[in-house]
Undergrad: 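Have a look at this one.
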Amino acid sequence: MDKTWQIKAEDAAQVKKLAAAVGISELTAKILIHRGITNAAEAEKFLNAETAQEFYNPLLMSGMEDAVDRIIIAIEGEEKICIYGDYDVDGMSGVAFLTHALRNYGANVEYYIPDRSEGYGINVKALEKIIAGGASLLISVDCGISNAKEISAVAGQIDFIITDHHLPPLEKINPDEVVAVIDPHQEICNYPDKNLCGAGVAFKIAQALAQELEGVPFSEYTNDIELVALATVADLVPLTGENRKIVKLGLKKMFDTNCIGLKELIKISGFENKKISASNVAFQIAPRLNSVGRLKSAKIGVELLTTDDEQKAAEIAAELEASNIERKEIEREIFVQAEEKLQILRDEKGGNLWTLVVADKNWNAGIIGLTASKLAEKYSLPTIIISVGEKISRGSCRSIPALHIKNTLDTMADLFENYGGHSQAAGFSIPTKKIPELKRRFDEYVRKNLTDEDFPPVVEIDALVHPAQIDLKTAEEFEKIEPCGIGNPEAVLACRNVLCDAVKIIGADKSHLSFVIRADSAENQNVKAVSFGAANLANVLEKSPVDIIFQPSIDSWNGETFVKCFVKDIAPHCGDQIILTREFLADIYKFLKADTAKIFNIPALTEKFNSSNKNFLSVQKMFTAINIFMELGILKLNDNLTFEMPASKRRNLENSRTFRLNGK
């Protein structure tokens with residue numbers, strides 16, 4: 001589906017004023033203003049968050065004082081404390097962090113992380129096992145807010161301190177059955193920063209304990225903050241406020257961390273003795289930790305992050321690497337199978353899809369979330385992937401910006417055994433027999449509450465600028481905008497009608513591109529660029545002007561430092577005003593159907609069409625026409641190299657959202 005560019009507006013005078021006050025380029029000033037930073041003081045706090053951003057008093061969190069008092073009693077009484085965490089990176093990191101913190105005070109600590117087969121959150125069987133093992137205090141990390149029933153089932157047998165960061169469900173925990181509930185999202189909580197991850201909430205407990213037990217000001221406590229930074233990046237919480245400070249400090253500390261397990265994880269990820277960015281954590285380091293939780297047991301991940309044995313840490317890190325390789329292959333297989341089911345759904349609905357819900361009994365419940373993310377991004381559809389069990393099935397949801405997925409699940413809460421999540425991602429367990437009803441109600445809700453205009457991906461552009469106009473000083477300023485992620489996206493720049501040379505397909509799987517962007521004038525130099533996952537567009541770059549979305553970075557080679565562009569999106573430049581009418585699309589369809597080679601080379605197909613047709617067609621319009629045919633299920637790409645047009649029933653063009661938005 002074609003992306004919609006929204007060029008952000010700003011006041012030119014305001015840009016000049018901020019640039020002069022802070023001593024930065026006007027382009028960087030634009031980026032800051034687009035993030036709500038409009039004066040020098042705010043810019044200082046943002047650009048130098050590790051020193052200028054404050055840590056808030058943890059006692060401002062509702063329940064914190066009661067929690068700290070009970071933990072101190074448990075430490076002094078040598079009670080067994082069980083830390084119960086979620087099985088993702090946030091849960092593993094948070095459990096490891098709090099285990100380190102409590103053991104530092106001599107606490108008798110054990111931890112429990114459920115396998116994915118046990119389902120998300122706290123379960124009664126696990127609680128019974130923990131109680132039987134002698135624990136008298138349970139502290140949850142990154143879970144528990146949705147487990148009122150489970151807590152009630154063992155009320156009075158063990159003390160609970162529930163710490164979480166997820167949105168509270170409709171059914172609230174009975175305050176008489178717990179020592180404290182600490183979750184910034186509670187209505188009664190006045191804590192100023194609502195965006196901490198699970199490990200971030202655990203970090204605030206450690207800050208409060210350090211102040212109470214050691215007299216260390218909470219604002220100075222940063223022990224093991226690299227573990228909290230790992231969790232914060234991996235859990236996709238907004239990288240603003242305290243999170244920005246946590247990640248800035250944590251990324252620096254990762255370089256020479258005292259955590260032996262994290263050091264081995266960083267080494268096997270390829271970043272030993274290297275500067276680590278939030279992007280490195282998100283796409284290289286965290287997935288290795290997550291893979292073992294998806295395929296084996298998250299307990300292995302916590303063991304890595306808590307061990308003091310270097311040999312053991314190296315062995316576990318190697319195990320994580322093997323799991324990550326296996327995870328990638330399983331993910332690929334599920335994705336291919338899910339796309340096959342997507343094609344069946346298109347055939348059933350004549351191409352008119354508003355949601356994507358697919359299920360299979362052979363899909364690994366620990367991997368389906370990754371597949372859901374990729375499908376939702378590729379097809380711009382609210383997506384649910386379900387691993388089907390005999391009686392209970394587990395699902396993972398990913399959404400588009402216009403649909404709050406957690407609120408959507410709230411409207412059908414009666415279907416689930418349990419569920420939870422955020423605006424763009426959620427998970428659930430459901431009786432297998434209720435899956436058909438879920439499909440029906442989910443699709444019905446989306447059709448009722450969204451419009452066609454809600455579906456096309458919208459890319460907010462900070463500025464239109466040619467890459468050759470960005471100098472090293474400006475690129476260095478952009479590095480200060482790091483760490484980037486949710487709430488603080490990377491600066492998004494764009495340029496239209498760009499010409500490229502030296503196009504090469506690169507990567508072990510031949511899926512990426514390297515190329516050179518031609519300078520816009522004789523005064524500027526050509527710019528080296530790379531685009532990941534864009535190998536199918538190599539022929540477009542070689543033969544036609546393109547529109548690109550990119551981010552500048554600094555690279556070095558053979559002693560030379562230069563600006564390099566990471567191109568995030570490539571589309572053929574639109575050079576015509578043609579409307580894709582039904583008649584025009586019929587001509588294109590007949591042409592593609594009759595083409596014997598079926599080579600997926602859009603410029604070549606466009607040129608061939610124009611040589612035999614009275615209507616002139618741009619590469620961009622051919623691109624859009626192919627998207628329409630793909631949405632209708634009447635054209636299918638084969639590994640981005642060839643295409644086929646399978647026999648199918650007659651399709652109504654109105655069943656294509658791209659046609660409804662762009663055709664006539």
Side-chain angles (χ1 to χ4, degrees), residues 1-5 339 378-380 456-457 459 494-506 510-515 517-518 529 531-550 567-581 584-646 653 656-659 661-663:
M1 183 175 290
D2 293 340
K3 292 182 173 66
T4 300
W5 288 12
E339 286 204 306
K378 181 174 180 178
Y379 295 102
S380 193
V459 182
C495 189
R496 301 189 191 277
N497 203 16
V498 170
L499 296 175
C500 303
D501 293 316
V503 180
K504 296 179 182 178
I505 295 177
I506 60 172
K510 302 297 183 184
S511 63
H512 313 308
L513 287 180
S514 75
F515 52 98
I517 299 171
R518 288 190 206 169
S531 185
F532 298 117
N536 63 306
L537 294 172
N539 50 59
V540 175
L541 281 176
E542 288 174 333
K543 297 185 178 181
S544 60
V546 293
D547 299 337
I548 62 171
I549 296 172
F550 68 97
V567 176
K568 304 294 186 176
D569 192 52
I570 302 169
H573 179 66
C574 183
D576 64 61
Q577 301 298 319
I578 289 175
I579 301 296
L580 290 175
T581 63
F584 201 174
L585 285 167
D587 289 341
I588 299 171
Y589 176 80
K590 291 174 185 176
F591 162 76
L592 294 173
K593 187 80 172 176
D595 183 73
T596 55
K598 296 290 192 293
I599 303 297
F600 186 62
N601 184 324
I602 296 179
L605 288 170
T606 305
E607 184 178 348
K608 192 173 179 181
F609 176 85
N610 288 335
S611 68
S612 60
N613 196 288
K614 62 182 179 181
N615 289 314
F616 174 78
L617 186 69
S618 69
V619 172
Q620 194 273 340
K621 283 300 193 302
M622 175 65 83
F623 194 77
T624 301
I626 287 174
N627 278 339
I628 291 172
F629 299 149
M630 288 175 63
E631 285 182 1
L632 293 172
I634 56 178
L635 185 149
K636 180 182 177 183
L637 295 185
N638 298 320
D639 298 324
N640 293 318
L641 299 175
T642 62
F643 66 93
E644 60 181 281
M645 304 187 74
L653 280 171
S656 163
R657 180 168 290 108
T658 298
F659 176 76
L661 292 170
N662 298 282

Undergrad: Quick check: do L513 and I506 have side-chain heavy atoms less than 4.5 Å from each other?
TA: no
Undergrad: Hey, is the main chain of S531 close enough, under 3.5 Å, to the side chain of H512 for a donor-acceptor pair?
TA: no
Undergrad: Side chains of L605 and F609: does their closest heavy-atom pair fall under 4.5 Å?
TA: no
Undergrad: Which atom pair, heavy atoms only, marks the closest approach of S656 to L632?
TA: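 Result for this residue pair: N-CD2, 3.7 Å.
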Undergrad: Show your reasoning for whether side chain to side chain contact (heavy atoms under 4.5 Å, CB included) applies to F591 and M622.
TA: CA-CA 11 Å; F591 162 76; M622 175 65 83; 4.3 Å; yes
Undergrad: Report yes if the side chains of I517 and F550 come closer than 4.5 Å at any heavy-atom pair, otherwise no.
TA: no
Undergrad: Backbone N or O of R657 within a donor-acceptor pair of the E631 side chain at under 3.5 Å?
TA: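 Indeed, once roles are kept as given, a pair shorter than 3.5 Å links the two residues.
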Undergrad: So which pairs with a foot in residues 593-609 pass salt bridge (Lys or Arg N to Asp or Glu O under 4.0 Å), sequence neighbours left out?
TA: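 Matches after skipping sequence neighbours: D595-K608.
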Undergrad: Working to the nearest 0.5 Å, report the span between CG of L635 and CD1 of I588.
TA: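 The distance works out to 11.5 Å.
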Undergrad: If you compare all heavy atoms of L580 against all heavy atoms of F584, which two are closest, and at what distance to 0.1 Å?
TA: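 Minimum heavy-atom contact is CD2-CD1, 4.3 Å.
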Undergrad: Quick one: do Y589 and M645 satisfy side chain to side chain contact (heavy atoms under 4.5 Å, CB included)? Show the steps, please.
TA: CA-CA 9 Å; Y589 176 80; M645 304 187 74; 3.2 Å; yes
Undergrad: How long is the straight-line distance from NZ of K504 back to CD of E542, given to the nearest 0.5 Å?
TA: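 Between E542 CD and K504 NZ, I get 12.0 Å after rounding to 0.5 Å.
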Undergrad: If every non-hydrogen atom of I602 is compared with every non-hydrogen atom of F623, which pair is closest and at what distance?
TA: CD1-CD1, 3.1 Å
Undergrad: Could you tell me whether the side chain of N536 reaches within less than 4.5 Å of the side chain of L637, counting heavy atoms only?
TA: no
Undergrad: Might you confirm whether atom NZ of K568 has over 12 heavy atoms from other residues, nucleotides or ligands at distances under 6.0 Å?
TA: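 Yes.
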Undergrad: Among all residues two or more places apart in sequence or in another chain, which pass the side-chain hydrogen bond (donor to acceptor under 3.5 Å, both in side chains) test with N601?
TA: none
Undergrad: Please walk me through it: do F515 and V567 pass side chain to side chain contact (heavy atoms under 4.5 Å, CB included)?
TA: CA-CA 10 Å; F515 52 98; V567 176; 3.6 Å; yes
Undergrad: Is D547 close to W5 at the side-chain level, that is, under 4.5 Å between some pair of heavy atoms?
TA: yes
Undergrad: If you apply the rule side chain to side chain contact (heavy atoms under 4.5 Å, CB included), what do you find for L585 with F629, and how did you get there?
TA: CA-CA 9 Å; L585 285 167; F629 299 149; 4.1 Å; yes
Undergrad: For a 4.5 angstrom cut-off between non-hydrogen side-chain atoms, does D569 reach V459?
TA: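 The answer is no, as the side chains (C-beta and beyond) never meet within the 4.5 Å cut-off.
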Undergrad: Considering only heavy atoms from C-beta outward, does the side chain of T606 approach that of S618 to under 4.5 Å?
TA: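 No, their side chains stay 4.5 Å or more apart.
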Undergrad: Give the minimum heavy-atom separation between V619 and P603, together with the two atoms involved.
TA: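 Smallest heavy-atom distance, with atoms named: CG2-CA, 4.1 Å.
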Undergrad: Looking at CG of N627 and CZ of F659, how far apart are the two atoms once the value is rounded to the nearest 0.5 Å?
TA: 14.5 Å
Undergrad: In the structure I gave you, are the side-chain heavy atoms of L592 and I626 within less than 4.5 Å of one another anywhere?
TA: yes
